[in-house]
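Here the structure is laid out as structure tokens; the discussion comes afterwards.
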Amino acid sequence: MAASARDLLCLHDDITEYQAADPEVNDRWEYLYNGNLLSLIQQPAFGVSVITQDSACRPPNATTPLPQHRPRYVVQLDVFHQLHCLNRPQKLLYPKVYRSDVTSDSDEAADTLYHLEQCVESLRQSLLCASDKSTIFWEWSPANGKDDEQHGDDAHLQGL
């Protein structure tokens with residue numbers, strides 16, 4: 001019998017609360033970028049904020065007014081979009097849990113692939129433009145008989 005993804009993850013002792021395929025993990029992921037926001041436009045919020053017209057004039061790029069809530073405008077912090085974009089391909093790791101058509105010739109598959117490609121491109125740009133320059137160290141793991149990547153703590157993420 002093949003080991004489950006969760007069993008394989010448990011071979012390592014650096015498992016986080018965002019690994020594995022279960023409803024609680026999915027809720028944690030979604031909370032990272034949706035929090036307790038309910039979008040005014042009735043779709044996932046992805047860190048969307050509604051701002052005044054005065055505030056909308058300040059950023060270097062124009063944003064869209066909400067037709068049903070004028071003079072309110074929509075903005076989004078990129079970090080929340082990045083988390084959403086990371087979660088999309090992460091779900092592909094568990095095709096039995098998170099069904100997603102990416103192989104047929106259907107419109108749904110084309111839409112899904114387009115969305116995934118856009119997410120990967122967004123993440124690529126973010127990593128290159130504002131990358132974390134922390135070092136990753138390696139440590140011999142006698143249990144696995146190989147070198148394993150080790151990351152520093154996530155203390156620098158607590159402010160997000």
Side-chain angles (χ1 to χ4, degrees), residues 4-52 55-56 58-69 72-103 107-138 148-160:
S4 71
R6 185 70 182 161
D7 292 338
L8 291 173
L9 286 172
C10 290
L11 293 175
H12 301 280
D13 46 345
D14 59 347
I15 303 307
T16 73
E17 61 191 310
Y18 299 98
Q19 292 175 281
D22 70 44
E24 287 181 16
V25 170
N26 189 55
D27 289 348
R28 281 189 213 100
W29 268 99
E30 300 227 351
Y31 189 80
L32 283 173
Y33 52 85
N34 283 336
N36 57 8
L37 292 174
L38 284 177
S39 173
L40 291 174
I41 50 180
Q42 300 303 309
Q43 55 188 351
F46 305 142
V48 169
S49 295
V50 178
I51 60 174
T52 64
S55 295
R58 294 180 188 160
N61 299 313
T63 190
T64 303
L66 286 169
Q68 69 273 36
H69 297 284
R72 301 284 187 193
Y73 289 73
V74 178
V75 293
Q76 177 185 41
L77 294 179
D78 196 30
V79 65
F80 297 112
H81 182 249
Q82 293 166 8
L83 287 166
H84 155 76
C85 283
L86 187 59
N87 193 25
R88 291 290 299 227
Q90 180 267 345
K91 287 182 175 183
L92 292 176
L93 297 173
Y94 308 102
K96 291 180 181 176
V97 177
Y98 304 110
R99 303 264 182 224
S100 189
D101 181 6
V102 293
T103 58
D107 288 344
E108 177 188 349
D111 270 357
T112 300
L113 285 173
Y114 176 81
H115 192 157
L116 287 167
E117 287 171 342
Q118 293 299 309
C119 279
V120 168
E121 177 58 14
S122 176
L123 290 170
R124 183 193 69 79
Q125 289 177 15
S126 294
L127 287 169
L128 289 173
C129 294
S131 60
D132 180 353
K133 295 169 185 70
S134 300
T135 58
I136 296 174
F137 63 93
W138 291 75
D148 282 333
E149 256 181 71
Q150 303 295 319
H151 299 268
D153 64 44
D154 290 337
H156 63 287
L157 301 177
Q158 298 308 313
L160 295 179

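Nothing fancy with the numbering, it's 1 onward along the sequence. Only this structure's heavy atoms are used, side chains among them; waters, hydrogens and symmetry mates stay out. The structure presented is a predicted model; accordingly, all values stated were derived computationally and were not measured.
Comment: K91 engages E30 in a salt bridge, judged by a side-chain N to carboxylate O separation of less than 4.0 angstrom.
For the side-chain contact (heavy atoms from CB on, under 4.5 Å) test with Y73, the passing option among I51, V50, L66 is I51; the others fail.
Partners of T103 under the side-chain hydrogen bond (donor to acceptor under 3.5 Å, both in side chains) rule, at least two apart in sequence or in another chain, do not exist in this structure. Take E17 and apply the side-chain contact (heavy atoms from CB on, under 4.5 Å) test, not counting sequence neighbours, and it matches R28. Partners of V97 by side-chain contact (heavy atoms from CB on, under 4.5 Å), not counting sequence neighbours, listed by chain and number: A21, Y94. Scanning for side-chain hydrogen bond (donor to acceptor under 3.5 Å, both in side chains) contacts around D78 gives Q82, S126, with sequence neighbours left out. The side-chain contact (heavy atoms from CB on, under 4.5 Å) check on P89 picks up L116, with sequence neighbours excluded. Listed by chain and number, the residues in a side-chain contact (heavy atoms from CB on, under 4.5 Å) with L113 are V102 (sequence neighbours excluded). R58 pairs by the side-chain hydrogen bond (donor to acceptor under 3.5 Å, both in side chains) definition with D54, not counting sequence neighbours.
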- Task: Show your reasoning for whether side chain to side chain contact (heavy atoms under 4.5 Å, CB included) applies to Y98 and N26.
- Result: CA-CA 10 Å; Y98 304 110; N26 189 55; 3.4 Å; yes
- Item | Check against side chain to side chain contact (heavy atoms under 4.5 Å, CB included), Q19 and V25 | CA-CA 7 Å; Q19 292 175 281; V25 170; over 6 Å; no
- Query: Please walk me through it: do L83 and L32 pass side chain to side chain contact (heavy atoms under 4.5 Å, CB included)?
  - Reply: CA-CA 7 Å; L83 287 166; L32 283 173; 3.9 Å; yes
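Taking the six-membered ring for Trp and thresholds of 30 and 60 degrees, W29 and Y18 have ring planes more than 60 degrees apart, a perpendicular arrangement.
Once rounded to the nearest 0.5 Å, the distance linking NE2 of H84 with CG of N87 reads 8.5 Å.
The heavy-atom pair separating C119 from R88 by the smallest distance is SG-CG, 4.3 Å.
The stretch residues 110-131 participates, sequence neighbours left out, in these salt bridge (charged side-chain N to carboxylate O under 4.0 Å, His left out) pairs: E121-R124.
For T112 (side chain) and E108 (main-chain N/O), a donor-acceptor pair under 3.5 Å exists by modelled atom type.
In this structure, R72 and P65 have side chains that are not in contact, with every pair of non-hydrogen atoms separated by 4.5 Å or more. Annotation: side chain of L92 is in contact with side chain of S100 (closest heavy-atom distance under 4.5 Å). Side-chain atoms of Q76 and T63, non-hydrogen and from C-beta on, never get closer than 4.5 Å to each other.
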